[in-house]
Amino acid sequence: MEKPTLPKGTRDFGPVQMNRRLKLLDTIRSVFRTYGFQPLETPAMENLSTLTGKYGEEGDQLLFRILNSGDFLKDANQEALTNGDFKKVSASISEKGLRYDLTVPFARYVVMNQHELAMPFRRYQIQPVWRADRPQKGRYREFYQCDADAVGTDSLICEAEIVQMIHLAFTKLGVKDFKIRINHRGILSALAAMAGAEGKEGQFFVALDKLDKIGTEKVLGELAERGISGPQTQKVMELIIAKPGNAVDLFNKLQEIFNDEGKRGINDLKEVYRLLGDHAGSGSLVFDLSLARGLSYYTGCIFEVTISNVAVGSVCGGGRYDNLTMAFGSKEKLSGVGISFGIDRIYDALEELGLFGTDDHYGTRVLICHFDERTRDFAFGLVTQLRSAGIACEVYPDVAKLKKQLDYANRRGLPFVLIVGEEEMTSGKLTLKDLRSGTQQTLPVELIAQTIG
RNA sequence: GUGAAUGUAGCUCAGUAGGUUAGAGCAUCAGAUUGUGAUUCUGAGGGUCGCGGGUUCGAGUCCCGUCUUUCACCCCA
């Protein structure tokens with residue numbers, strides 16, 4: 001018998017982790033709900049035709065494909081097989097795949113239900129996604145995304161709301177030191193044009209995005225390797241690294257030198273900043289010309305959130321996409337904008353920062369201990385009573401030594417035990433022990449719930 | 001997908017230039033203690049040394065392959 005193992009890049013979540021994850025998810029869910037997003041779930045698997053071509057070539061390679069059921073060899077493309085054309089072979093034996101993100105399935109859903117939905121449609125979605133990536137720190141093959149998207153409106157109110165939601169979520173989670181970086185696809189295009197990267201925008205973006213990681217010199221070096229160099233490139237780089245204190249001043253300056261695409265970007269950002277004003281969230285917002293992340297489908301504002309002093313990469317990302325629904329044959333152009341929280345990385349970050357409290361209101365609050373069958377039966381009545389008062393509690397199911405019962409409560413990390421013996425039964429006053437402080441007191445039943453709740 | 005490192009008890013790790021029966025701490029279980037845990041004492045259980053092959057009289061130790069985990073690149077939550 002082989003030792004059981006998990007597939008690469010996947011994990012089990014035990015009770016301690018799950019309680020924390022649930023807390024995290026509940027926090028984000030409550031933020032989404034207060035901003036008026038409605039819940040949606042879609043299947044883990046989609047038709048491959050829905051997924052391919054939406055994430056660029058890299059993305060297509062990272063899709064988990066599902067082998068057709070039955071005798072898939074029967075329908076395999078024999079010609080491709082003999083020629084060693086793996087792409088064609090793959091297409092002939094696999095027609096479904098696991099979802100790579102939540103945005104594309106959402107766009108598919110919107111197009112399929114366009115006439116039933118009240119536009120603009122705002123939905124949130126919390127489900128796992130899968131990527132056939134090589135795992136490393138903060139990178140898994142199965143992980144959860146928490147998405148909130150709004151489609152059917154161009155209003156930049158949505159972008160402003162995204163900033164506010166991010167701010168609210170991280171504040172609620174106890175994270176103080178985080179940055180919401182914002183940029184715009186139009187601005188990036190303008191920069192690329194000015195730098196002489198026509199037709200090489202993608203390569204320009206990839207190199208530019210590494211700026212804070214590898215520095216100006218290396219970025220210029222990488223650009224040169226790809227044939228993007230010269231005085232204009234140098235000039236654009238100087239523009240990017242210059243960081244005046246005031247974002248609005250920078251907007252005005254850039255507006256004079258940008259092309260139309262760039263001006264559109266500046267106008268969008270100005271509007272987002274104006275809407276946010278002094279509201280919560282504006283303080284953590286950072287306009288960053290080097291932010292060039294972005295799935296191939298973003299067309300407007302783009303966002304990314306990082307937590308300072310934690311090396312887990314970006315914990316949240318998103319942006320506006322204008323053409324995604326058209327990729328599914330929608331005649332109407334539906335603009336959408338959304339954000340995705342990566343809770344696996346947020347979990348890792350919170351753990352690294354020690355932000356998970358020890359007080360865990362998700363689990364059992366109290367274990368009822370006893371000494372023999374008579375007191376155990378009494379304890380069972382008690383547990384029923386406490387539960388109807390909304391207290392999460394348990395009775396130790398076996399007759400056992402008190403030491404064993406306390407050990408059990410201790411191992412479980414329970415905050416309280418209630419000890420029921422002959423004395424307690426006759427007096428009606430119960431012994432409540434606080435396992436964290438080691439103190440105990442005797443209380444009438446009626447007061448137990450409010451003391452430990 | 002490319003390049004590197006790692007793997008010994010449930011956990012953290014020792015293990016000497018290949019040499020008898022592979023060790024420690026913590027954890028677990030039982031008992032000192034028939035109404036008090038996280039502190040003390042005593043004892044017990046627990047290891048195909050990741051897996052497969054090779055070199056050797058002999059491999060935890062050397063070589064090859066493979067898997068896992070980790071790190072960098074690519075890209076990303």
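Note that the structure is predicted; figures quoted are calculated from it, not measured. Chain letters run A, B, ... following the sequence lines, proteins first and then strands; every chain starts at 1. Basis for what follows: all heavy atoms, side chains included, without hydrogens, waters or symmetry-related copies.
The two atoms that bring Gly336(A) and Val151(A) nearest to each other are CA-CG1, 3.7 Å, heavy atoms only.
Taking for each of Phe341(A) and Thr431(A) the nucleotide of RNA chain B with the nearest heavy atom, the 5'-most of the two is the partner of Thr431(A). Nucleotides of RNA chain B nearest to Glu222(A) and Asn410(A) differ in position, and the one nearer the 5' end is that of Asn410(A).
With 3.5 Å as the limit, one finds no donor-acceptor pair spanning the side chains of Tyr408(A) and Asp398(A). A donor atom on one side chain and an acceptor atom on the other are found under 3.5 Å apart for Tyr321(A) and Asp149(A).
As judged by a 4.0 angstrom heavy-atom cut-off over every strand, Cys369(A) is placed among residues making no nucleic acid contact. At a threshold of 4.0 angstrom between heavy atoms, the contacts of Gln61(A) with the nucleic acid are absent. Heavy atoms of Asp407(A) sit under 4.0 angstrom from primed sugar atoms or phosphate atoms, though from no base atom.
In this entry the distance linking CZ of Arg376(A) with P of G35(B) reads 16 Å, nearest Å. To the nearest angstrom, C1' of U39(B) lies 11 Å from NZ of Lys403(A). Across the protein-nucleic acid pair, Phe205(A) atom CZ and C76(B) atom P stand 12 Å apart, rounded to whole Å. If you take CG of Leu63(A) and P of G1(B), they are 15 Å apart, rounded to a whole angstrom. Across the protein-nucleic acid pair, Gln440(A) atom CD and A38(B) atom P stand 15 Å apart, rounded to whole Å. Here A32(B) presents its C1' atom at 10 Å from NZ of Lys401(A), a figure rounded to the nearest Å. Taking atom CD1 on Ile302(A) and atom C1' on C76(B), their separation rounds to 14 Å, with Å as the unit.
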Identify all pairs in which a protein N or O lies below 3.5 Å from an N or O of nucleotides 69-73 of chain B, and state each distance.
{"from": "U69(B)", "atom 1": "OP1", "to": "Gly9(A)", "atom 2": "N", "distance (Å)": "3.4"}
{"from": "C71(B)", "atom 1": "OP2", "to": "Lys137(A)", "atom 2": "N", "distance (Å)": "2.3"}
{"from": "A72(B)", "atom 1": "OP2", "to": "Gln136(A)", "atom 2": "OE1", "distance (Å)": "3.0"}

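In secondary-structure terms, RNA chain B builds stems of at least 3 consecutive Watson-Crick or G-U pairs, each pair having both distances under 3.5 Å, at B:1-5 with B:69-73, B:10-13 with B:23-26, B:28-32 with B:40-44, B:50-54 with B:62-66.
Here Asp407(A) does not pair with Arg411(A) in a salt bridge; the nearest charged N to carboxylate O distance is not below 4.0 Å.
Side-chain proximity of Leu435(A) to U36(B), C75(B), G37(B): nearest is G37(B). In this structure, of A77(B), C75(B), U36(B), it is U36(B) that holds the atom nearest to the side chain of Leu406(A). Ranking A77(B), G35(B), G31(B) by closeness to the Ile419(A) side chain, first place goes to G35(B).
In this view, Tyr124(A) and Phe32(A) satisfy the ring-ring contact (aromatic ring centres under 6.0 Å, His included) rule, not counting sequence neighbours.
Here the side chain of Asp60(A) pairs a donor or acceptor atom with the backbone of Gly53(A) at under 3.5 angstrom. Side chain of Arg122(A) to main chain of Gln38(A): no donor-acceptor pair is present (N/O by atom type, distance under 3.5 Å, no hydrogens or angles). Listed for the Thr375(A) side chain is a donor-acceptor partner under 3.5 Å among the backbone atoms of Phe371(A). At distances below 3.5 Å, not a single donor-acceptor pair connects side-chain atoms of Arg141(A) with backbone N or O atoms of Trp130(A).
Proximity of Ile452(A) to Leu418(A): side-chain heavy atoms (C-beta onward) are nowhere separated by under 4.5 Å.
In this structure, Phe143(A) forms an aromatic stack with the base of A77(B), since both conditions hold: centre separation below 5.5 Å and plane angle below 30°.
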